[in-house]
Amino acid sequence: MTNGIVNVNASLETQFASLGINGTNSAYVPPHLRNAQRAASSPSPTNGSGWNDPRASPRGGFEPLRGSHTDKSRGGAFGHNAFSSPREPVSTNDWAGRPSTNGWTPREHRTDGPRESSGLGAWRNGAHVVGPRNPRLETELFGDLTDPSKQHTGINFEKYDDIPVEATGAGVPEPVNAFANPPLDPVLLENITFAHYTTPTPVQKYSIPIVAANRDLMACAQTGSGKTGGFLFPILSAAFTSGPRAPPAETPHMGYSRPRKAYPTTLILAPTRELVSQIHEEARKFAYRSWVRPAVVYGGADINQQLRLIDRGCDLLSATPGRLVDLIERGRISLANIRYLVLDEADRMLDMGFEPQIRRIVQGEDMPGVQDRQTLMFSATFPRDIQMLARDFLKDYIFLSVGRVGSTSENITQKIEYVEDLDKRSVLLDLLASEAAGGLTLVFVETKRMADMLSEFLMANNLPATSIHGDRSQREREMALQTFRTGRTPILVATAVAARGLDIPNVTHVINYDLPSDIDDYVHRIGRTGRAGNTGVSTAFFNRGNKNIVRDLMELLREANQEIPQWLDAVVHETTFGGSFRGRGRGGAGAGGRGRGGNRDYRQSSGPHGGGAHSAYGGRGGSNYGGPAYGGYGVGGGGTNSYGNGGSSWW
DNA sequence: AAAAAAT
């Protein structure tokens, strides 16, 4: 047992605190505000008027920001913004005929404490006025080298050069090889430098010029490939350079009760609250000192607080679908001004039944049509339903296929242990006892119930554990994530909610206490470790209940040059020749099959769009990874040969 | 089969 007893106690306290047991409940603070509140007087970057109306700026809504001295001399952290300055009430109506904001002072503007630079930029007289630097905000956004929980994991760039990328479609632009101007805006480049990013990842090399060329994009890429930057960089860059777009004229409306409506120009949809929150944090980084105000909305958190933040600026909005629909219904958000639409983890969103809401948001509200916006879709896989979505949401898109990250990189050592269900607990205890101190261990289970039971079991055994799953309150979820990140509870028991997308530094061990039945889930889960060039270990408990994943798992282990236990070979053999043949329903995918629909540009085989394939990967042609051509996914849509249940098999 | 997500 290498974890000190002190640590254990601290974590138990935390655990109780998160359950509200010791009565120290404080007001709910959403994750994107925590740091801001901790640094009591540091203004949130979503402060400021942020309303992206160019008409407002020339009227004096913004003051130029040339440097911190200028800013300070203007009198206060928000002196640049006459709109919101308590000292300079403005009587003019702001845009869209809203009642004057005269006298209205947002709370944070009153409590700003010491005067310092806001870190907020503005758009004024057709030019981007870069905000002054704010050291405190910089530490918050870009990390403090002494605090590992705040450091961005960064990306293991060397490894990334090995990842094959293929871009297909008409007129694929040349990939870029560096963060440079052009095509990226200098302000963005500065933020990229602050974030210690040095080289674009393969996704970014392609997505940056593609988006800069105003093209739509369908990218098959998994989390960890740098795709968040892949869409944020080019979108923010274009925003910085071209400035805000005037929101559509609204019918003037008298009366004071009329709520403000936000007109974001970029909308990013993602499946889970934590993921949306994480994207927002990235957006805050890269929007630093610019005129762009990122905002975030998701369920489970106080809607009024989110509304207040939206009021202070909502140019780039990250959202989960449900809460967004809610806000649209309340008339607080309009999509009429959308220029960029991003669907992240699109396959996941469909899995989770979001399709009706997504279609409503994209097609049933006031969002500009497919020709009048730029749409980027990201998905780990490209099954039929995603192809349909792509067909409906994208125009003449470029298809980008990025190889697996988690599995192909060999910095994750994957172990498979044969453990019967009844033995799992004790094996887990042994495993945790032999854990090196300092690292974080993520334990995946299949059910919420199991997550609760297991974390309680671990705590009962004096292990600093907590859990995250969809039946816990949002507050508890965020608390769990926070105590995990900071190492106060270095063991996190999680359901699928944490499998994808979450970027948690210092996860040294991923344990698949229960194996998922889907190999892509497995890849995502183990991908929580071995990031940032660190090595990671993953251990999976396998028993006869996991036969459904065994073939794909074998294939994956081989692909990643991992040791394969002999007994596993035997299981594969048994399931292949012993039991009933498991039809794979994938058009005869052989070794090399990518499962789950693969990630090929299906248009190539039959569509009229075909264009030259572009491969970033010298040695290999396009066909070396990705699924085989799968017959059932034709463009015409006649075949119902979807993957998954072709074979009716449960052993 | 389970999980996730608006209240």
Side-chain angles (χ1 to χ4, degrees), chain A residues 28 30-31 223 268-279 296-307 310 317-333 343-361 364-365 379-380 385 421 442-455 467-478 480-481 492-502 512-522 524-525 528 543-549 596 643-645 647-651:
Chain A
Y28 172 79
T223 317
I268 300 161
L269 291 174
T272 67
R273 298 165 183 173
E274 282 78 7
L275 191 50
V276 156
S277 173
Q278 184 176 292
I279 293 168
V296 63
V297 297
Y298 50 81
D302 180 19
I303 197 167
N304 291 314
Q305 187 159 8
Q306 286 178 0
L307 283 170
I310 287 172
L317 179 65
S318 305
T320 48
R323 178 55 63 92
L324 177 61
V325 167
D326 188 356
L327 291 170
I328 291 171
E329 279 174 1
R330 292 174 188 230
R332 303 300 296 267
I333 290 179
L343 302 185
D344 199 10
E345 305 270 358
D347 49 355
R348 195 78 187 155
M349 288 202 279
L350 294 198
D351 281 351
M352 287 167 57
F354 279 143
E355 180 160 4
Q357 290 168 81
I358 292 173
R359 285 197 180 269
R360 171 172 174 187
I361 290 165
E365 300 292 339
S379 178
D385 48 1
D421 286 344
L442 192 47
V443 183
F444 280 107
V445 294
E446 273 303 272
T447 66
K448 295 181 272 201
R449 218 173 100 78
M450 181 62 88
D452 280 336
M453 286 179 359
L454 196 57
S455 63
S467 70
I468 184 168
H469 62 71
D471 275 357
R472 300 199 75 188
S473 71
Q474 190 58 27
R475 194 195 136 113
E476 288 168 337
R477 284 164 58 163
E478 282 156 13
L481 215 48
L492 179 65
V493 183
T495 61
V497 69
R500 297 183 185 228
L502 292 188
N512 274 291
Y513 187 88
D514 297 320
L515 270 166
S517 51
D518 182 326
I519 191 68
D520 286 319
D521 284 334
Y522 175 82
H524 279 287
R525 289 179 181 189
R528 299 310 100 212
N543 61 40
R544 57 195 321 107
N546 304 117
K547 285 179 177 176
N548 50 7
I549 199 180
R596 303 272 326 194
Y643 61 89
N645 29 16
S648 84
S649 66
W650 278 93
W651 287 289

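Protein chains get the first letters and strands the later ones, always in sequence-line order, with residue 1 at the start of each.
- When the ring pair (Phe, Tyr, Trp, His ring centres under 6.0 Å) test is applied to A:Tyr513, the partners found at least two apart in sequence or on another chain are A:Phe541.
- Rounded to whole Å, atom P of B:dA3 lies 21 Å from atom OH of A:Tyr522.
- Contact annotation: A:Arg348 side-chain N/O to B:dA5 OP1/OP2 distance is not under 4.0 Å.
- Within the 4.5 Å cutoff, the side chain of A:Asp471 has no heavy atoms near those of the A:Glu476 side chain.
- Side-chain atoms of A:Phe354 lie closest to B:dA5 of the nucleotides B:dA5, B:dA4, B:dA2.
- B:dA4 atom P lies 15 Å from atom CD of A:Glu345, rounded to whole Å.
- Residue A:Ile361 holds its CD1 atom at 4.5 Å from CG of A:Leu324, rounded to the nearest 0.5 Å.
- Between the CG atom of A:Asp514 and the P atom of B:dA3 there is a distance of 11 Å, given to the nearest Å.
- OP1 or OP2 of B:dA5 has not a single side-chain nitrogen or oxygen of A:Thr272 nearer than 4.0 Å.
- Atom CE of A:Met352 and atom P of B:dA2 are 16 Å apart (whole Å).
- Phosphate proximity of B:dA4 to A:Thr320: absent, as no side-chain N or O sits under 4.0 Å from OP1 or OP2.
- Here A:Glu329 lies in heavy-atom contact (under 4.0 Å) with a base.
- Distance CG (A:Leu350) to P (B:dA2): 21 Å, rounded to an integer number of Å.
- OP1 or OP2 of B:dT7 sits under 4.0 Å from a side-chain N or O of A:Arg323.
- Taking atom CE of residue A:Met450 and atom C1' of nucleotide B:dA3, one finds them 15 Å apart after rounding to whole Å.
- Applying the salt bridge (charged side-chain N to carboxylate O under 4.0 Å, His left out) rule to A:Arg360 yields the partners A:Glu329, A:Glu365; only residues at least two apart in sequence or on another chain are considered.
- Regarding contacts with the backbone of B:dA5, a side-chain N or O of A:Arg477 is found under 4.0 angstrom from either OP1 or OP2.
- Separating the CZ atom of A:Arg449 from the C1' atom of B:dA2 is a distance of 13 Å, rounded to the nearest angstrom.
- Among the nucleotides B:dA4, B:dA5, B:dA6, the one closest to any side-chain atom of A:Val325 is B:dA6.
- With hydrogens and angles ignored, the 3.5 Å screen pairs a side-chain donor or acceptor of A:Ser455 with a backbone N or O of A:Ala451.
- Look at CD1 on A:Ile468: it is 14 Å from P on B:dA3, rounded to the nearest Å.
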